[in-house]
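When a residue number appears, it is its place in the shown sequence, counting from 1.
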Amino acid sequence: MRFYIDPGTGSMLFTILVGVLGASIYALRNVFMKLRFILSGGSKEKTNTNKIPFAIFTDSKRYWNVFEPICEEFEKRGQNVVYMTVSPDDPALKREFKYVKCQFIGEGNRAFAKLNLLNADIVLSSTPVWMFTSGSAPKM
């Protein structure tokens, strides 16, 4: 009984171990990304030149009835917004807006690669459930 650890203490030690490992991995990833950024010759000013104030992302055309009033309100107020969709037949793409820029960003991984590079202050999004389940967009 010299090396006995009760279940509560064992659970606490395991939680601490997982937390330290997670923080270490995140810190190493952060250092790697900063190093990669510095070596690529990037500068902070370059990344903020194309900043979008508002962006809307939807993973299906069926959410247009939710986002249409929002886009119309942005249009009324003269506020620039980018509406990005994964559906090539989204009704938003047929609308003529002055301040709302509607764009098809591709399907599946191509769309999420573009979202990873998105530089926006605020992003309003539908929940892409298919991203977490099958990894590919459902066929509509």
A.B. asks: Would you say Q103's side chain and M84's backbone share a donor-acceptor pair under 3.5 angstrom?
C.D. replies: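 No; judged by distance alone, with no hydrogens or angles, the pair does not exist.
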A.B. asks: Could you check whether any side-chain N or O of S11 sits under 3.5 Å from a backbone N or O of P7, counting only pairs where one atom can act as donor and the other as acceptor?
C.D. replies: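 No: the side chain of S11 does not pair with the backbone of P7.
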A.B. asks: Could you tell me whether E72 and K76 have a side-chain N and a carboxylate O separated by less than 4.0 Å?
C.D. replies: no
A.B. asks: Within a strict 4.5 Å, meaning less than it, do heavy atoms of the V31 and L28 side chains meet?
C.D. replies: no
A.B. asks: So, for A55 and A120, which heavy atoms are closest and what is the spacing to 0.1 Å?
C.D. replies: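 Shortest heavy-atom separation between A55 and A120 comes out as CB-CB, 4.1 Å.
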A.B. asks: Parallel, tilted or perpendicular, judged at 30° and 60°: which one describes the rings of F54 and F74?
C.D. replies: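 Plane angle between 30° and 60°, so tilted.
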A.B. asks: A side-chain contact here means heavy atoms from C-beta on lying under 4.5 Å apart; do Y63 and D90 qualify?
C.D. replies: no
A.B. asks: Looking at side-chain heavy atoms only, is the closest gap between F97 and V81 below 4.5 Å?
C.D. replies: no
A.B. asks: How close do F67 and S125 get, counting heavy atoms only, and between which atoms?
C.D. replies: CZ-C, 4.2 Å
A.B. asks: Apply side-chain contact (heavy atoms from CB on, under 4.5 Å) to the pair F57 and L118, showing each step before the final yes or no.
C.D. replies: CA-CA 11 Å; F57 168 73; L118 180 64; over 6 Å; no
A.B. asks: Side chains of F14 and V18: does their closest heavy-atom pair fall under 4.5 Å?
C.D. replies: yes
A.B. asks: Under 4.5 Å between side-chain heavy atoms, hopping through other hydrophobics if needed: is there a path connecting I122 to V100?
C.D. replies: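 I122 and V100: one cluster.
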A.B. asks: Flag yes if Y99 and V82 sit in one hydrophobic cluster, no otherwise; membership is Ile, Leu, Val, Met, Phe, Trp, Tyr, and two members link when side-chain heavy atoms are under 4.5 Å apart.
C.D. replies: no
A.B. asks: Are L93 and I105 connected in a single hydrophobic cluster, I mean Ile/Leu/Val/Met/Phe/Trp/Tyr linked by side-chain heavy atoms less than 4.5 Å apart?
C.D. replies: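 Per the 4.5 Å side-chain linkage, I105 and L93 are not co-clustered.
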A.B. asks: I'd like to know if the side chain of S126 reaches the main chain of D59, judged simply by a donor and an acceptor atom lying under 3.5 Å from each other, with no hydrogens or angles considered.
C.D. replies: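 Yes, S126 side chain to D59 backbone: donor-acceptor pair under 3.5 Å.
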A.B. asks: With rounding to the nearest 0.5 Å, note down the distance linking CG in N80 to CD in E75.
C.D. replies: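 It is 9.0 Å, given to the nearest 0.5 Å.
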A.B. asks: Between atom CD1 of I70 and atom CD of E68, what is the distance when rounded to the nearest 0.5 Å?
C.D. replies: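 Rounded to the nearest 0.5 Å, the CD1-CD separation comes to 10.5 Å.
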A.B. asks: Nearest 0.5 angstrom please: K51 NZ to D121 CG, how far?
C.D. replies: 4.5 Å
A.B. asks: Starting at CE of M12, measure out to CD1 of I16 and round the result to the nearest 0.5 Å.
C.D. replies: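 It comes to 5.0 Å.
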A.B. asks: Taking D6 for the side chain and T9 for the main chain, is one N or O donor matched with an acceptor at less than 3.5 Å?
C.D. replies: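 Pair found, side chain donor or acceptor close to backbone of T9.
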A.B. asks: Which heavy atom of A111 sits nearest a heavy atom of G106, and at what distance?
C.D. replies: CB-O, 3.5 Å
A.B. asks: Locate the shortest heavy-atom distance separating F104 from P88; write the atom from each residue and the value.
C.D. replies: CE1-N, 3.5 Å
A.B. asks: For the residue pair W64 and A92, what are the closest heavy atoms and their distance?
C.D. replies: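 The pair with the smallest heavy-atom distance is CZ3-CB, 3.3 Å.
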A.B. asks: With the 4.5 Å side-chain cut-off for hydrophobic clustering, are F32 and Y26 part of the same group?
C.D. replies: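 Each belongs to a different hydrophobic cluster.
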A.B. asks: Could you pull out the closest heavy-atom pair between V86 and E107, with the gap in Å?
C.D. replies: O-CG, 3.4 Å
